[in-house]
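First comes the structure, then the notes that go with it.
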Amino acid sequence: MLASIDFSAPAHEVARLLIGVTLLIDGVGGRIVETEAYDQTDPASHTYAGQTARNVSMFGPPGHAYVYRSYGLHWCFNTVCREAGHGAGVLLRAIEPTHGIETMRARRGLQELKLLCAGPGRLAQALGIDSRLNGQSLSEPPFELLAREAGEIEVLTGPRIGISKAVDVPWRFGLRGSRFLSRGFAAEPGTQQR
DNA sequence: ATGTCGATTTGCT
DNA sequence: GCAAATCGACATT
């Protein structure tokens with residue numbers, strides 16, 4: 001069943017809606033368990049200072065991909081939010097591997113399931129994400145978004161990771177109880193730290 | 001279990 | 001020139 005996400009909503013709402021949704025690229029991927037929201041009013045966002053060659057797709061239509069290179073070597077994957085021109089998006093930080101696990105293991109050169117997609121760079125490597133996908137629509141191949149199963153899920157929130165500005169904005173979201181998070185949430189003792 | 005360091009693109013917010 | 005929405009290797013406790 002296809003997921004119907006309203007990507008024109010504010011980034012922090014979309015970030016919450018995406019938890020539990022299954023993302024596949026060429027049939028490979030899994031259930032989204034961790035996201036972070038960024039928007040143009042946010043000093044930690046790539047779009048804070050306006051449009052540049054790197055971030056153009058974040059100013060494009062919602063429901064498309066923004067892919068950028070992090071620290072010069074990792075790819076990171078975002079979904080663009082709000083109406084075109086707002087420069088808002090959601091960073092996918094962790095996925096629970098469910099589809100094409102052997103493909104992901106091969107791409108990552110790694111056996112351990114827990115670390116296959118636990119982190120934005122790892123997730124991008126496992127799903128084969130690179131700049132070719134930048135600006136592409138998420139409602140067309142190779143992308144597939146499947147609605148989460150019926151029933152309640154609990155979403156945790158906390159401060160975002162790896163930034164030095166707006167560190168107190170609680171725009172990191174995670175699926176409670178998942179062992180596939182990139183890190184635990186402070187509010188939830190008992191969840192792993194790594 | 002925790003620390004530090006290197007790889008290397010992008011924009012200077 | 002330098003910091004960055006990161007990760008893995010290697011060192012030390």
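Naming: A, B, ... by sequence-line order, numbering from 1 per chain. It should be emphasised that the depicted structure is a prediction, and the values quoted were computed from it without experimental measurement. These values consider heavy atoms only, across backbone and side chains, with no hydrogens, waters or symmetry-generated copies.
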Euclidean distance, atom [atom1] of residue [X] to atom [atom2] of [N] [Å, nearest integer]:
X        : N      : atom1 : atom2 : answer
A:His46  : B:dT13 : NE2   : C1'   : 11 Å
A:Met58  : B:dT13 : CE    : P     : 19 Å
A:Tyr38  : B:dT13 : OH    : C1'   : 14 Å
A:Arg183 : B:dT2  : CZ    : P     : 12 Å
A:Tyr68  : B:dT13 : OH    : P     : 19 Å
A:Glu36  : C:dT6  : CD    : P     : 7 Å

Does [X] have a side-chain nitrogen or oxygen under 4.0 Å from the phosphate oxygens OP1 or OP2 of [N]?
X        : N     : value
A:Ser164 : C:dA4 : yes
A:His74  : C:dC7 : no
A:Arg172 : C:dA5 : no
A:Ser70  : C:dA5 : no

A:Thr47 side chain to A:Gln40 side chain, donor-acceptor N/O pair below 3.5 angstrom: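 The answer is no; no qualifying pair exists.
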
NA contact type, [X], heavy-atom cut-off 4.0 Å: base, sugar-phosphate, or nothing?
X        : value
A:Pro120 : sugar-phosphate
A:Ile163 : sugar-phosphate
A:Arg108 : sugar-phosphate
A:Arg160 : nothing

Only one of A:Val155, A:Thr35, A:Ile153 clears side chain to side chain contact (heavy atoms under 4.5 Å, CB included) with A:Leu175; which?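 So, applying the side chain to side chain contact (heavy atoms under 4.5 Å, CB included) to A:Leu175 and each of A:Val155, A:Thr35, A:Ile153, only A:Ile153 qualifies.
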
On DNA chain C, check which nucleotide each of A:Leu110 and A:Thr47 is closest to and give me the residue with the more 5' one.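 Result of the comparison: A:Thr47.
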
Pull up the glycosidic torsion of B:dT13 and say syn or anti, syn being anything within 90° of 0.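 B:dT13: syn.
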
Heavy-atom side-chain contact between A:Pro62 and A:Cys81 under 4.5 Å: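 Contact flag for A:Pro62/A:Cys81 side chains = no.
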
Is the distance from the ring center of A:His86 to that of A:Phe59 below 6.0 Å?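 Not under 6.0 Å, so no.
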
Would you mind checking if A:Glu36 and A:Arg160 are paired as a salt bridge, meaning a charged N to carboxylate O distance below 4.0 Å?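 Here A:Arg160 does not pair with A:Glu36 in a salt bridge, since their nearest N and O are not under 4.0 Å apart.
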
Suppose we call a contact any N or O donor and acceptor under 3.5 Å apart; does that hold for the side chain of A:Tyr71 and the base of C:dA5?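 Answer no: no donor N or O sits under 3.5 Å from an acceptor.
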
Nucleotide of C:dA5, B:dG11, B:dA7 approaching A:Leu73 most closely (side-chain heavy atoms):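 Nearest nucleotide to the side chain: B:dA7.
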
